[in-house]
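Worksheet for the structure shown next.
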Amino acid sequence: MNGNTMKRAGAAVLGAGALVAVGLAGAGPASADEADKGVTHHVVTQVPGGAQTDHVQTWVTTHLDSDDWRANVRVDYGRSGAWTVCSDGTEKHGPLQGPGYWVFAGNCYGNGTIRTYGWYDG
């Protein structure tokens, strides 16, 4: 390869890298209105030890009443976020979080009472 070929190859790789960086910079957490309809939702089941499946290793609900909830969550891989379904049919999605320990929460303020809650995988 001569010098010009190497420069063009380097510019092509650099340009592709910039395109990927711009694409990732535009990616953000899903809001209540933007969550993909194709995501997997998981309803919280209260079982001893709080063992869960898919992305969420542990889930401990620390507060639950008719219109809001909170839980201590460990996401072990991938990305997961809080999910709440209200009595008027409204579904609310919190931002997606990567691996780590998180406090997930949701509410149905202005949308009735909580029908179900849990998490979704993104």
Side-chain angles (χ1 to χ4, degrees):
M1 285 186 162
N2 64 29
N4 285 339
T5 303
M6 290 301 290
K7 287 178 187 174
R8 278 182 273 178
V13 170
L14 180 60
L19 181 60
V20 169
V22 169
L24 292 176
S31 71
D33 298 326
E34 297 171 346
D36 181 6
K37 297 295 183 191
V39 299
T40 302
H41 292 90
H42 303 272
V43 175
V44 169
T45 55
Q46 298 301 323
V47 293
Q52 303 296 323
T53 62
D54 295 341
H55 302 279
V56 172
Q57 183 179 31
T58 59
W59 179 290
V60 178
T61 301
T62 58
H63 171 78
L64 173 62
D65 62 24
S66 65
D67 61 0
D68 66 344
W69 64 271
R70 275 184 307 284
N72 294 330
V73 178
R74 178 171 182 241
V75 177
D76 56 355
Y77 70 95
R79 298 186 326 151
S80 295
W83 169 59
T84 308
V85 180
C86 304
S87 59
D88 72 353
T90 300
E91 289 192 36
K92 297 184 178 186
H93 295 83
L96 289 168
Q97 305 296 339
Y101 293 89
W102 303 98
V103 174
F104 280 12
N107 69 68
C108 288
Y109 303 150
N111 299 104
T113 58
I114 294 174
R115 185 168 31 148
T116 193
Y117 70 101
W119 75 95
Y120 70 105
D121 301 326

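- For Asp68, the side chain to side chain contact (heavy atoms under 4.5 Å, CB included) partners at least two apart in sequence or on another chain are His63, Asp65, Arg70, Asn107, Tyr109.
- Summarising the geometry, atom CD belonging to Glu91 is positioned 10.0 Å from atom OG1 belonging to Thr116; distances are rounded to the nearest 0.5 Å.
- Nearest heavy atoms, Asn111 versus Cys86: O-CB, 3.2 Å.
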Using the side-chain contact (heavy atoms from CB on, under 4.5 Å) rule, take Asn72 and Val103 through it: C-alpha gap first, then chi angles, then the decisive distance, then the call. CA-CA 5 Å; Asn72 294 330; Val103 174; 3.7 Å; yes
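- When the ring-ring contact (aromatic ring centres under 6.0 Å, His included) test is applied to Trp69, the partners found at least two apart in sequence or on another chain are Trp59, Tyr117.
- Considering only heavy atoms from C-beta on, Ile114 stays 4.5 Å or farther from Val85 through its side chain.
- Among all heavy-atom pairs drawn from Ala105 and Ala82, the shortest one is O-CB, 3.4 Å.
- Proximity of a side-chain donor or acceptor of Ser87 to a complementary backbone N or O of Thr113 within less than 3.5 Å is detected.
- Between Thr61 and Leu64, the closest heavy-atom pair is CG2-CB, 4.0 Å.
- Phe104 CZ to Thr62 OG1: the interatomic distance, rounded to the nearest 0.5 Å, is 12.5 Å.
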Return all side-chain donor-acceptor pairs below 3.5 angstrom for residues 94-102, not counting sequence neighbours, or 'none' if the list is empty.
| residue | atom | partner | partner atom | Å |
| --- | --- | --- | --- | --- |
| Tyr101 | OH | Arg74 | NE | 3.4 |
| Trp102 | NE1 | Gly98 | O | 2.8 |

